[in-house]
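Any value given below was found using the heavy atoms of this structure, including those in side chains, with hydrogens, waters and symmetry copies removed. Numbered from 1 within each chain, the chains take letters A, B, ... in sequence-line order.
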Amino acid sequence: MRGWVSLRKGRVARALRLSPMDSGSPIVTRFAPSPTGHLHIGGARTALFCWAFARAQGGRFMIRIEDTDQARSSDESARGILEDLAWLGIEWDDGPTLEVDGKIIGEGSREVGPYFQARRVALYNAYIEDLVKRGVAYAAFESAAELDEKRKIVVAAKKTYRYERPADVTRGVFNSDRWERACKGEPHVVRLAAPAEEIVVRDLVLGDVRIAPGELDDFVIRKADGFPTYHFAVVVDDELMGVTHVLRAQEHLANTPRHVALQRSLERLNPRTPFRTPAYGHMPLIFNMDGTKMSKRDKAKAARAALEAHLKDPSRTGEAFAAACGVEASHLEAFRAKENDSVEIAEAVARALSIELPEIEVADFRENGYLPEAIINFIGLLGWNPGLKTPDGRDLEHFDMAFIATNFSVERIGRTNAKFDRKKLLSFNADRIAALSDEEFIRRWAAWMATRPDDAPLARRLTEALANGEAWTTWLAQALKPRSRTLRDAGRACAFLRRRDDDTTFDAAQVEKCLLADNGAGRDLLGAFARELEALNDWSPARLTAAVEAFVQARGLKGPGPIASCVRVALTGSSVSPGLGETMGVLGKAGTLARIETCLRTIG
RNA sequence: GGCCCCAUCGUCUAGCCCGGUCUAGGACACCAGGUUCUCAUCCUGGGAACAGGGGUUCGAAUCCCCUUGGGGUCACCA
């Protein structure tokens, strides 16, 4: 008894169960996205864990594109997903090839492709036919609408709807009448004649999950359009592609009995061998902080809320706003009425209102200036934990992909759903930025800016300066790193860099307070300081900071505050900037003096 | 509603499998101090959790049961 209990729940027992299939051959995991949009952050975690498990076990990691939904799948989406994975550093051994920076990912394929399911339809059909001929599947002719109707009635009566097997169908007996009708072109689907037995899913994370006989109904395995359903394609492909371990989100747990039932019903064609059941591991789900599902609809929701608040002002109209953000008025109306959750409209609204939409997909995080290693580290901690301590006794929670690749273990996957805490991600990102070398920081920041039209000029300037070994890039990096939780923040922290030396706009309150008050004491100080600077030739932050201190000393000021704020407003027009030494260093001697000159002239 | 899964600070979690070392540890967030030319960074400190109830046991966060709560799933989507 006790032994059984520990077998069910214990981590040791779970570990023992790791290789139920060919224990000698290397394991194979796969990530199988459907190309209907961008890579979701949750999908990224699934991919990471599958990748890590394969790496830790010395196995192979495969990508398969599940594009059996003709209406929603697209090649652009598939490509985007592969690019996002590559950007994160999750590289696959088998799967579609992708060229990134001259490097080809997925090339060392085992040749179990094609890796796009839409190209495997003939294969699925062969298995469908075999199933039908063996009486394990059958053609069904009810229309979707007809079934929908029935389902509605049953659900309204608070009963569980199950498809009822037609009276003329018996599992194990080939129904040739139905098959002939189907072959003659009558619209139909193919359903599995589900076995009436208990199904036990041995889950690596959750333990055994038992499903009573009769819980499974005769689900569809081939749709009317001739494409297999997800369930069918997954099972056939996992077998044919040699997948040994399936790690996926817990939302699939309830599907697993179907997959097991399918595996028991299918046989490989020639030579005929039974399908195997891979080891399953279902991972906890990721939610928003408020407990709702993380979904691209969140973007529409956020945009809509901001839009409604904006339009509360009676002087503003939806039509005018639509024109302002370049969206057709009728489309915007539909969006407001929640008739659609268009991401495009949400983004247009966000731009017009200059609000930020929640990041949901990997691409969102990338655009907002997150580093892939920060994302990897953070999602690696969602539902998994290495369980190690740092030398000073803290939990080890900062690690990279190499660490995950060697330390990942399925026993340490948690069972509890997690909430996605953006604040903590931000903190991780800040840590990563701070840890970058000065040169690496500039390089990556410039690369990020290069893709953004407004930032591209600065990106070019930085890249050039870096190549020329100009010291100010180092000073800039040092000034910006502690002020940047994201790469986007870096641009905000150095707004003064884009300012022209002859720009005459200065924060009025600041000018009054620092420069003009007390009969222009600050202004006089600033002029005097500028004359000191003119004599200075070593224009490094350290030397400049020393110059400020010397000036304070010489003048007998009680601290650097007064002169610093004068210089700051002259250089940046504002009351906020990085340290003065760094700011002046980055601006250069000519720029610094020119700006002070402009300021003095402007305020008179 | 049926079936299934889950349950430690606000959040991510360590501890649970092999009960005592747990007056439950860390991180993020928050609060309070400190360093500082502004803004940040940084440093120090603080509050903050075993959902509830029954068992088992000398002893339970750890094992069992129930309740409650949360979640997933019930498509010709994946």
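- In this structure, A/His398 reaches neither bases nor backbone, as no heavy-atom distance under 4.0 Å exists between it and the strands shown.
- Sorted by residue number, the members of residues 373-386 of chain A with any non-hydrogen atom under 4.0 Å from RNA chain B read A/Leu381, A/Leu382, A/Gly383, A/Asn385.
- Interface remark: the A/Asp421 side chain does not form any donor-acceptor pair with the B/rA29 base, using a distance-only criterion of under 3.5 Å.
- For the pair A/Lys223 and B/rA78, the criterion of a side-chain N or O lying under 4.0 Å from OP1 or OP2 is met.
- Residue A/Ala144 is in base contact, counting any heavy-atom pair closer than 4.0 Å across all strands shown.
- At B/rA78, none of the side-chain N or O atoms of A/Arg248 fall inside 4.0 Å of OP1 or OP2 (strictly under the cut-off).
- No engagement by A/Asp225 is indicated, since no non-hydrogen atom pair under 4.0 Å with the nucleic acid exists.
- Here A/Arg151 lies in heavy-atom contact (under 4.0 Å) with sugar-phosphate atoms only.
- Under the side chain to side chain donor-acceptor pair (under 3.5 Å) criterion, no residue pair touches residues 542-562 of chain A, with sequence neighbours excluded.
- For the segment residues 563-579 of chain A, residues with any heavy atom less than 4.0 angstrom from an atom of RNA chain B are, sorted by number, A/Ala564, A/Arg568, A/Ser575, A/Val576, A/Ser577, A/Pro578, A/Gly579.
- Among the heavy atoms of the strands, none lies under 4.0 Å from A/Gln510.
- Within the nucleic acid shown, A/Arg483 comes within 4.0 Å of at least one base atom, counting heavy atoms only.
- Base pairing annotation: B/rU11 forms a Watson-Crick or G-U wobble pair with B/rA27, both donor-acceptor distances under 3.5 Å.
- For A/Arg412 and B/rG15, the shortest distance from a side-chain N or O to OP1 or OP2 is below 4.0 Å.
- Judged by atom type and distance alone, A/Lys424 does not reach the base of B/rA29 through any side-chain donor-acceptor pair under 3.5 Å.
- Base pairing annotation: B/rG1 forms a Watson-Crick or G-U wobble pair with B/rC74, both donor-acceptor distances under 3.5 Å.
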Every protein N/O lying under 3.5 Å from an N/O of nucleotides 70-72 of chain B:
| residue | atom | partner | partner atom | Å |
| --- | --- | --- | --- | --- |
| B/rG71 | O2' | A/Asn417 | OD1 | 3.2 |

Within the sub-3.5 Å range, which N or O atoms of nucleotides 22-25 of chain B have a protein N or O partner, and how far apart are they?
| residue | atom | partner | partner atom | Å |
| --- | --- | --- | --- | --- |
| B/rG25 | N2 | A/Asp395 | OD1 | 3.3 |
| B/rG25 | N2 | A/Asp395 | OD2 | 2.1 |

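- Among the atoms of the strands shown, base atoms are found under 4.0 Å from some heavy atom of A/Ser143.
- Using a 4.0 Å heavy-atom distance criterion, A/Val189 is classed as a base contact.
- Counting any heavy atom pair closer than 4.0 Å across all strands shown, A/Arg485 reaches no nucleic acid atom.
- Here A/Ser34 does not reach the OP1 or OP2 of B/rC77: none of its side-chain N or O atoms lies under 4.0 Å away.
- Taking the side-chain hydrogen bond (donor to acceptor under 3.5 Å, both in side chains) definition, one finds that A/Arg432 meets it with A/Asn377, sequence neighbours left out.
- A donor-acceptor distance shorter than 3.5 angstrom exists from the side chain of A/Asn429 to the backbone of A/Gly369, with no hydrogens or angles considered.
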